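Notes follow the structure.
Remember, predicted model here, so these are calculated numbers, not experimental data. Residue numbers count from 1 along this sequence. We count ligands from 1, going down the list as the structure has it; atoms in each ligand are counted the same way.
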Amino acid sequence: MTSLPPPRRSLGQVFLNSERVINRIVSSLDLSLEDTVIEIGPGRGALTNNLIGACGRLVLVEKDDVLAAFHKERFTDDPSVEVIHSDATVWNCCEVLKDGQKAKVVGNLPYNVGGQILFNLMQHQGCLTKLVLMFQREVAQRLVAQPGDRNFGAVSALIQTRADVRMLFEVSPTKFKPVPKVWSAVVEVVPKVLSPEMAAMVNDPDFSKIAHGLFAQPRKTCLNSLADGLKTKKAQCQAWLINAGIDPQTRPANVDIPAITALYRLIKADLGHRDGQPL
Ligand code: SAM
C-alpha cells in the first residue's frame with residue numbers, strides 16, 4: 001500500500017474524523033444500489049468507506065497525486081469503483097456518464113475552491129440529480145441566502161437560478177484533522193430542469209458578469225454598484241434598472257432573482273441592438 005504523506009494545506013486537506021458527521025452526509029444522499037455517485041476529493045477515504053456498498057457505482061475524483069494513486073491501488077480489483085486523477089475545478093463529469101446516465105455528487109470540498117468546483121459541476125447539471133457538499137460555512141451561507149439577507153449576492157443568484165439549494169447542517173472545526181480555523185456547513189443542491197431559454201441564460205458568461213456587476217459594491221445603491229461593476233455610464237444603468245423593475249436607489253441584496261433575470265435580458269437585448277458590444 002502507498003504510504004500517505006502529511007496533509008497538504010495547499011489542497012485544503014482537512015480530513016473528517018467524526019463517524020456521526022460522515023453518516024449524516026452519506027444518509028443525506030438517499031442512496032440505493034441503482035445510484036452512481038461521484039465523490040470529489042476522497043482524501044484518505046473518510047466518506048468513501050461509507051459510500052462503498054451503498055451505491056452501485058462510485059467515481060472518485062482526486063487532485064492529489066499520492067492520494068489518487070492510493071485509491072487506484074486500493075480499488076484495483078473492484079470494478080464498481082473508478083478513480084480519476086484530475087482537478088475538479090475543470091473536470092467534465094459527463095466523461096464518466098454515458099448514455100444518459102445520471103449521478104449524485106458528494107464531497108467535503110477544499111475551502112479555497114469549493115465554489116469553483118460547484119459551478120464547474122453545474123455546467124453539466126443535466127447529468128446530476130443531487131449534490132451534497134461541504135463548504136466553508138460563509139460560502140454555504142451565501143449559496144442559500146435569500147433576497148433581503150445580508151449574505152445574498154451574485155453567488156446566491158447564480159446557483160439559485162440553476163438549482164434548489166438548502167442548508168443541511170453546520171460542522172464544528174473539531175470534527176476534522178488537522179483542525180481548521182473555520183466552521184463548515186453541508187448544503188444540498190438539487191439541479192432544476194431548465195427550459196432551453198433558461199439553460200442558455202445560466203450558461204452565458206454575460207449572466208455571471210451582470211450578476212457580479214450588480215453586486216460589485218454591495219453596500220452602495222444598485223445604480224452605483226452596477227455602473228461600477230459593468231464600467232458603464234450611470235444614465236444607461238439607470239434605464240436598465242428601471243426597465244427591469246429595480247429601484248436604482250435600493251441595495252443590491254434587496255433585488256430578487258426574477259428581477260436579475262429581467263436585467264440580464266434587457267442588457268443583452270440592448271447590446272444586441274448595438275451589434276453586441278462586449279460587456
Ligand atoms: N473527503 C475527505 C474527508 O472528508 O476526509 C477529504 C476532504 S479534504 C477537505 C479535500 C480533498 O479534496 C482532499 O483530498 C484534496 O486533496 C482534494 N482536492 C483539493 N483540490 C481538489 C481539486 N481541485 N480537485 C479534486 N480534488 C481536490
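Counting only heavy atoms of the protein, atom 20 (N) of ligand 1 lies nearest to Pro110 CG, 3.4 Å. The closest protein non-hydrogen atom to atom 2 (C) of ligand 1 is Pro42 O, 3.3 Å. Protein heavy atom closest to atom 19 (C) of ligand 1, with residue, atom name and distance, is Leu11 O, 3.2 Å. Of the protein's heavy atoms, Lys63 N, 3.3 Å lies nearest to atom 26 (N) of ligand 1. Protein heavy atom closest to atom 17 (C) of ligand 1, with residue, atom name and distance, is Glu62 OE2, 3.3 Å. Protein heavy atom at the shortest distance from atom 5 (O) of ligand 1 is Leu16 N, 2.9 Å.
Judged purely by atom type and a 3.5 angstrom limit, Ser156 uses its side chain to pair as donor or acceptor with the backbone of Gly153. Between the side chain of Glu34 and the backbone N or O of Gly56, no donor-acceptor pair lies under 3.5 Å. Distance alone, capped at 3.5 Å, places no donor-acceptor pair between the Arg142 side chain and the Asn151 backbone. Under the 3.5 Å distance criterion, the side-chain polar atoms of Asn224 are left unmatched by any main-chain donor or acceptor of Thr221. The backbone N or O of Glu95 sits less than 3.5 Å from a side-chain atom of Lys98, completing a donor-acceptor pair.
Comment: Glu197 engages Arg265 in a salt bridge, judged by a side-chain N to carboxylate O separation of less than 4.0 angstrom. Salt-bridge annotation for Asp206 and Lys268: present, with a side-chain N of the basic residue lying under 4.0 Å from a carboxylate O of the acidic one.
Relative to atom 8 (S) of ligand 1, the option among Gly12, Ser184, Ser18, Pro7 with the closest non-hydrogen atom is Gly12.
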Worked verdict on Thr232 versus Leu226 for side chain to side chain contact (heavy atoms under 4.5 Å, CB included): CA-CA 8 Å; Thr232 300; Leu226 189 66; over 6 Å; no
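No side-chain heavy atom of Ser80 sits under 4.5 Å from any side-chain heavy atom of Phe75.
Per-residue contacts place Asp87 under 4.0 angstrom from the following atoms of ligand 1 (heavy atoms of the residue considered): 22 (C), 23 (N), 24 (N). Atoms of ligand 1 lying under 4.0 Å from any heavy atom of Ala88, numbered from 1 in the order shown and given with element: 22 (C), 23 (N), 24 (N), 25 (C). Residue Gln13 approaches ligand 1 through these ligand atoms, each under 4.0 Å from one of its heavy atoms: 13 (C), 15 (C), 16 (O). The contact set between ligand 1 and Asn108, taken as ligand atoms under 4.0 Å from a residue heavy atom, comprises 3 (C), 4 (O), 7 (C), 8 (S), 9 (C), 10 (C). Set against the non-hydrogen atoms of Glu39, the atoms of ligand 1 under 4.0 Å away are 1 (N). Numbered from 1 in the order shown, with element, the atoms of ligand 1 that lie under 4.0 Å from a heavy atom of Asp64 read 16 (O). Close approach of ligand 1 to Gly43 is summarised as follows: ligand atoms under 4.0 Å from at least one heavy atom of the residue are 6 (C), 14 (O). Numbered from 1 in the order shown, with element, the atoms of ligand 1 that lie under 4.0 Å from a heavy atom of Ser86 read 24 (N), 25 (C).
Considering Lys130, Lys104, Arg24 as possible partners of Glu188, the one that fulfils the salt bridge (Lys or Arg N to Asp or Glu O under 4.0 Å) test is Lys130.
Within a 6.0 Å sphere centred on NZ of Lys177, other residues, nucleotides and ligands contribute 12 heavy atoms or fewer.
Contact annotation for Ala46 and ligand 1: only side-chain heavy atoms (C-beta onward) come within less than 4.0 Å of the ligand.
The distance criterion of under 3.5 Å between nitrogen or oxygen atoms is met by Gly41 with respect to ligand 1. Close N/O approach between Leu109 and ligand 1 is not found [any backbone or side-chain N/O within under 3.5 Å].
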